[in-house]
Amino acid sequence: MLDDMGRDIHYLRLSMTDRCNLRCAYCMPAGGVDLLSHADILTFEEIERLLRLMTGLGIRRLKITGGEPLVRRGTIDLMRRAGDLPGIEQITLTTNGVLLEQYLDDIATMGIGGINISIDTLRRDRYERLTGFDGLDRVLRSIERASAILPVKLNVVPVGGVNDAELCYLAEFAREKVVAVRFIELMPVGHASRFGHIDTETVKAMMEARFGTMERCVDRIGNGPAVYVRPHGFKGKIGFIHAMSEAFCGACNRVRLTADGRFMPCLGQPDYTDLKQLLRSGATDAELTKRIRQTIAAKPAHHGFLNEANPASRDMNAIGG
Ligand code: SAM
Ligand code: SF4
């Protein structure tokens with residue numbers, strides 16, 4: 001459906017859990033966060049009921065995210081059932097890749113639109129320091145196997161003082177493989193505001209200095225705001241997600257549902273509709289649909305990241321990126 005700004009909102013990012021097997025420093029505090037209890041997260045039945053209502057309002061693309069979606073048992077089955085819902089045209093998955101290898105065969109058979117795998121460093125010691133887990137080899141194996149059978153995008157968040165020196169090495173994944181390596185500007189959501197922000201222009205300049213002139217790709221890939229380029233001789237592409245720019249919002253097509261049922265029209269604003277509370281207090285389909293419609297219609301014109309008085313208050317693991 002169209003929101004009040006005339007944007008076509010058809011893409012839902014569905015967070016399966018706030019839990020994660022990693023502790024990426026900019027996403028989750030090392031000391032841990034207050035995790036939701038099982039009773040607090042939506043059941044699969046509740047999620048599917050909401051998905052059915054949302055597809056009725058024009059949601060046709062679904063991103064499965066977390067926390068780490070693959071730590072919630074049943075995520076793969078939910079993806080399969082969601083893919084069968086009338087109106088759903090595409091399902092994609094965002095994962096840190098640690099558990100991906102064991103699920104790849106299942107995922108490949110369900111006709112998924114693609115997988116985003118997050119990887120911020122290629123150094124084992126740095127990976128362990130950044131994520132709290134010595135799992136880089138597993139992630140690299142997942143990337144290798146997944147990219148042989150499915151469309152793969154690699155998500156890299158440049159963080160000042162952490163991985164800035166190796167961004168070009170990460171981009172090298174796209175030289176021999178038909179993958180897209182995307183640099184996502186660090187958004188000052190919750191805990192992340194304490195980390196070093198590197199803007200997209202700086203990353204682009206690094207890439208140009210290393211790879212020379214990069215051809216702008218005009219074909220659209222995926223559902224998001226990434227702008228893609230292809231350095232000479234590369235099979236894959238490099239993407240830039242300039243999250244802090246205002247243009248990002250004018251073309252926004254997405255809404256979010258957190259694991260505890262908060263329906264969020266904007267990642268960068270704290271407002272949400274508590275669909276879990278409505279579900280569990282006996283709301284009818286018509287009542288739920290009305291609240292979903294109202295929330296989409298009132299999607300804010302801009303994120304609030306640049307407004308210090310209005311920071312989004314939750315860490316990214318709870319919202320799902
Ligand atoms: N655990 C999965 C993963 O890491 O891909 C899915 C959830 S994670 C929150 C989704 C994406 O958000 C990851 O690529 C992660 O690097 C990114 N992310 C986390 N915090 C961020 C922040 N403050 N700004 C920009 N991206 C962020
Ligand atoms: Fe977990 Fe993903 Fe956050 Fe890393 S970015 S802590 S893998 S949810």
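Note that ligands are numbered from 1 as they come in the structure, with each ligand's atoms numbered from 1 the same way.
Protein contacts to atom 1 (Fe) of ligand 2 involving N, O or S atoms at a distance below 2.8 Å are Cys20 SG.
Contact annotation: for Leu186 versus ligand 1, heavy atoms closer than 4.0 Å belong to both the backbone and the side chain. Here Leu22 has no heavy atoms under 4.0 Å from ligand 1, in either its backbone or its side chain.
Lys63 and Asn116 make their closest contact through NZ-ND2, 3.2 Å (heavy atoms, listed as atom of the first residue, atom of the second, distance).
Counting non-hydrogen atoms of other residues, nucleotides and ligands closer than 6.0 Å to CZ of Arg293 gives a total of 12 or fewer. Counting heavy-atom neighbours within 6.0 Å of Arg210 CZ, excluding the residue itself, gives a total above 12.
Both cation-pi conditions hold for Arg262 and Tyr272: the charged atom is under 6.0 angstrom from the six-membered ring centre and inside a 45 degree cone around its axis.
The N/O atoms of Ser118, backbone and side chain alike, include one that comes under 3.5 Å of an N/O atom in ligand 1. When only interatomic distances are considered, the shortest N/O to N/O separation between Glu68 and ligand 1 falls below 3.5 Å.
Atom numbering of ligand 1 starts at 1 in the shown order; those under 4.0 Å from a heavy atom of Ala192 are 23 (N). Near Thr95, meaning under 4.0 Å from one of its heavy atoms, ligand 1 places the atoms 2 (C), 3 (C), 5 (O). Less than 4.0 angstrom separates some heavy atom of Gly67 from each of these atoms of ligand 1: 1 (N), 2 (C), 6 (C), 7 (C). Within ligand 1, the atoms closer than 4.0 Å to a non-hydrogen atom of Thr65 are 6 (C), 7 (C), numbered from 1 in the order shown.
Among residues two or more places apart in sequence or in another chain, the salt bridge (Lys or Arg N to Asp or Glu O under 4.0 Å) test is passed with Asp199 by none. For Pro151, there are no side chain to side chain contact (heavy atoms under 4.5 Å, CB included) partners two or more places apart in sequence or in a different chain.
Distance remark: protein heavy atom not present below 4.0 angstrom from atom 8 (S) of ligand 1.
The stretch residues 192-213 participates, sequence neighbours left out, in these ring-ring contact (aromatic ring centres under 6.0 Å, His included) pairs: His191-Phe195, Phe211-Phe234.
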